[in-house]
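None of these values were measured; they are calculated from a predicted model. Each chain gets a letter, A, B and so on, in the order the sequences are listed, and its residues count up from 1. Values reported hereafter were calculated over all heavy atoms of this structure, with side chains retained and with hydrogens, waters and symmetry mates removed.
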Protein chains: 4
Amino acid sequence: MSASPERRRQLLDTAAAVFAAQGYDATTVRRIADAAGMLAGSLYYHFDSKDSIVEEILRGFLDELAGRYDTVLAAGLGPRETMRALVTESFREIDRHGPAVAIYQKESKTLAARERFAFLAASQSTFEQTWLTTLKDGVAAGEFRADLDIRLTYRFVRDTVWVAASWYRPDGRHSPEEIARQYLATVLDGIAAPDRSDHSPAPQG
Amino acid sequence: MSASPERRRQLLDTAAAVFAAQGYDATTVRRIADAAGMLAGSLYYHFDSKDSIVEEILRGFLDELAGRYDTVLAAGLGPRETMRALVTESFREIDRHGPAVAIYQKESKTLAARERFAFLAASQSTFEQTWLTTLKDGVAAGEFRADLDIRLTYRFVRDTVWVAASWYRPDGRHSPEEIARQYLATVLDGIAAPDRSDHSPAPQG
Amino acid sequence: MSASPERRRQLLDTAAAVFAAQGYDATTVRRIADAAGMLAGSLYYHFDSKDSIVEEILRGFLDELAGRYDTVLAAGLGPRETMRALVTESFREIDRHGPAVAIYQKESKTLAARERFAFLAASQSTFEQTWLTTLKDGVAAGEFRADLDIRLTYRFVRDTVWVAASWYRPDGRHSPEEIARQYLATVLDGIAAPDRSDHSPAPQG
Amino acid sequence: MSASPERRRQLLDTAAAVFAAQGYDATTVRRIADAAGMLAGSLYYHFDSKDSIVEEILRGFLDELAGRYDTVLAAGLGPRETMRALVTESFREIDRHGPAVAIYQKESKTLAARERFAFLAASQSTFEQTWLTTLKDGVAAGEFRADLDIRLTYRFVRDTVWVAASWYRPDGRHSPEEIARQYLATVLDGIAAPDRSDHSPAPQG
DNA sequence: AATGAATGAGAGTTCATTCAT
DNA sequence: AATGAATGAACTCTCATTCAT
């Protein structure tokens, strides 16, 4: 259909920004077209449907992220460093494709119920495996606490990372690496001040 | 014979479940009516509009939560215990009104832009103050790390807590208190195993 | 159905006032009920339908008016005096049943198209005959100008009289008889000052 | 190839005819669309709402009429000739835009209560001034009877003129000028035959 | 590559009406 | 005599989509 892949990219970026700001269902095709400086009907020269637009946005984001995660895993770091790297790549992804991540975070649960978006569930499974394995290995290696509830921890980590897409601004004070560092400090070592053995509930012996 | 307020409550609960499952915009009034065993038009005997339904759901949740938070603050606990209590109340709220929380988490940003839902922004401000104060006090009291980025930490805490509403099932394995305990362990002390080489040279023998 | 004809009358008056103020189609049954201090459904104890309410209002008005006109005709006055009497009775009817007249004036054309309201067309025919005869007799008797277009004049007379229902207030400055007198002065003798033979278009010899 | 404004005009004319025939409230948007040979939804490509359609119809009519009246006033004729000209222009307007006038006559009172249609009240005031001034000047100049109730006369004149829109057919026997002449004969000189006994003892030989 | 006009399905909402109580 | 709750049809309006130009 479309001749220029660049135009396509522009349009996808425009659409992603609108979807992220208003929500997928609340976004009309006309609004995207407005933002792109054309009429609603004209979008159909470039894309088959509204669904196909989000699909392409989400696939692009997920493919890229999967690639980054694979690279991290291929490096064969220890669990703690792997986690550091995964988190950092995640915040970088938010930095690069914030709108796509925000859409993913907000809409994937609903979209995944539809056949067309089955790939969302598949991706999620893969990512889940990556994280569960890393956490489990970390516990086995004695790098993470032995009493962690792995699945619960996975959810906490996953959600806090992605939810950042809803407030992160690429031009804000914090670089993605800085946010990742802060985030990791919190998650790895906690926000409590270093232990002075006076916590209220006596530390279970 | 069911008095009006009870029927209203039933309908609100039904609606909340549907909104939470499908998203506000994607939910049709007909679908809510189906779930309630009536026709779409009949809903309008009880409510003015689709908007007024979510509004009532969200107001109910926010009012209740504000009350709980106030009780916590009025207890005058130290920052660490205050945080523990706030988190626990939050997970209990998810336990009681999961759908309402899920709607709040997913839709409030978009809804708050509309005049009718300005109260959402107001509530959020109040909650933000509660958390920021608690965190600041904790740092001042030496209970939380001195190097915390307060705002960033606030966001992490807020988001992880609320996002739990999207996967929490009241009949699941974990009670809200159990989840709160796990969560607090993570956030307060981190997921890293107590490290012998980095800082304190072996915590508590 | 209804026990008390008085209650019925009250309700009809209330309904007539609302219909006259808002128009038949724009008036909801609920609004009438509100004005009557009851719920919409309760009206159906007294009346079969919204249609039956207007029908009763209009029939009441038309029957009464037909009676008055008949009395006038039965008096056997000359055309000029007959006209005077018909006009006066018409304004009195507006005084007594302003809302009913206003509804008739505004809605009868549309309503008459429906089988149920065929009686409107019938009444109108009768009235038309009364007027046409009176005018024709007046011309024949030399009391009205010989060059009158009878049908046109009939319409002018009919419309100006009825349209008064839309602005007439029973408690206003003018009594119905006073308005009738003014009206007749205008229609019979014109608004021009008594002829001084200096009209612009030379009075055709 | 029909340029947008032409299509718009066509659709407005179609809508005006339907509104005039059935009444504004009783007219569904589907019926207008039917009459225009399209589906209901398609109308919304051209117009924002049903309200905006009547608004445009009424504004068009009122603007044009105001222009004609202004031209008449600018001519600086005497009161009697001014009146003649105003009446003639009014019937011509009915000839050109009968449906619009009929809608104005029937619906403006109800519509004017709504903010959007406040312009109706404004126009009416202007027209009222035009007529009151003309009548007053005529009385002062001795062209109209000294004992006229100006406001009452204004209402009679206004209503009879506009109400003609409800029965006037452009293809009927009478041209607008002819109707205006008949009408003026009635209003200016009355329908009574020149009377020999009452006042002037035989007008002009 | 884009426009202008239309489609058709379905959305939220209204409303006359019904009926058990 | 009236209420409270519901029905079901219809209404205005929106929107993704199509297609001739």
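Nearest nucleotide to the Leu39(A) side chain, out of dG4(E), dA16(E), dG12(E): dG4(E). Closest to the side chain of His46(D), from the set dT3(E), dG12(E), dA6(E), is dA6(E). Comparing atom distances between the Met38(D) side chain and each of dT7(E), dT13(E), dA2(E) picks out dT7(E) as nearest.
Comparing Thr27(D) and Gly41(A), the nucleotide of DNA chain F nearest to each residue sits closer to the 5' end for Thr27(D). In terms of position along DNA chain F, the nucleotide closest to Gly37(C) lies nearer the 5' end than the nucleotide closest to the other residue of the pair Asp51(D) and Gly37(C).
With Glu107(C) as the fixed residue, the side chain to side chain contact (heavy atoms under 4.5 Å, CB included) test singles out one of Tyr24(C), Phe19(C), Phe117(C): Tyr24(C).
Remark: dT21(F) base-pairs with dA2(E). Criterion, Watson-Crick or G-U wobble with two distances under 3.5 Å. With a cut-off of 3.5 Å on both Watson-Crick or G-U wobble distances, the partner of dG8(F) is given as dC15(E).
For Asp34(C) and dC15(E), the CG to P distance is 12 Å, given to the nearest whole Å. Atom-to-atom, CG of Leu11(B) to P of dG4(F) comes out at 16 Å; the value is rounded to the nearest Å. In this structure, CG of Asp48(D) is placed 12 Å from C1' of dT14(F), rounded to the nearest angstrom.
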Next item on the list: Could you walk me through whether Ser49(B) and Glu55(B) pass the side-chain contact (heavy atoms from CB on, under 4.5 Å) test, one step at a time?
Entry: CA-CA 10 Å; Ser49(B) 64; Glu55(B) 186 183 344; over 6 Å; no
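Residue-level contact check: Ser52(D) touches neither bases nor backbone, having no heavy atom under 4.0 Å from any strand. Across all strands shown, Val29(D) has heavy atoms under 4.0 Å from sugar-phosphate atoms exclusively, and none from any base.
Residue Ser42(C) places no side-chain N or O under 4.0 Å from the OP1 or OP2 atom of dA1(F). Between Arg7(B) and dA6(F) there is a side-chain N or O to OP1 or OP2 distance below 4.0 Å. Between dT14(E) and Tyr44(B), no contact under 4.0 Å exists linking OP1 or OP2 to a side-chain N or O. Applying the 4.0 Å criterion to OP1 and OP2 of dA5(E), one finds that Tyr45(D) has a side-chain N or O inside that range.
At a cut-off of 3.5 angstrom, the base of dG12(E) holds at least one donor-acceptor pair with the side chain of Arg30(B).
We find that Arg96(C) and Glu93(C) are joined by a salt bridge, their nearest charged nitrogen and carboxylate oxygen being less than 4.0 Å apart.
Considering only heavy atoms from C-beta on, Arg8(C) stays 4.5 Å or farther from Leu11(C) through its side chain.
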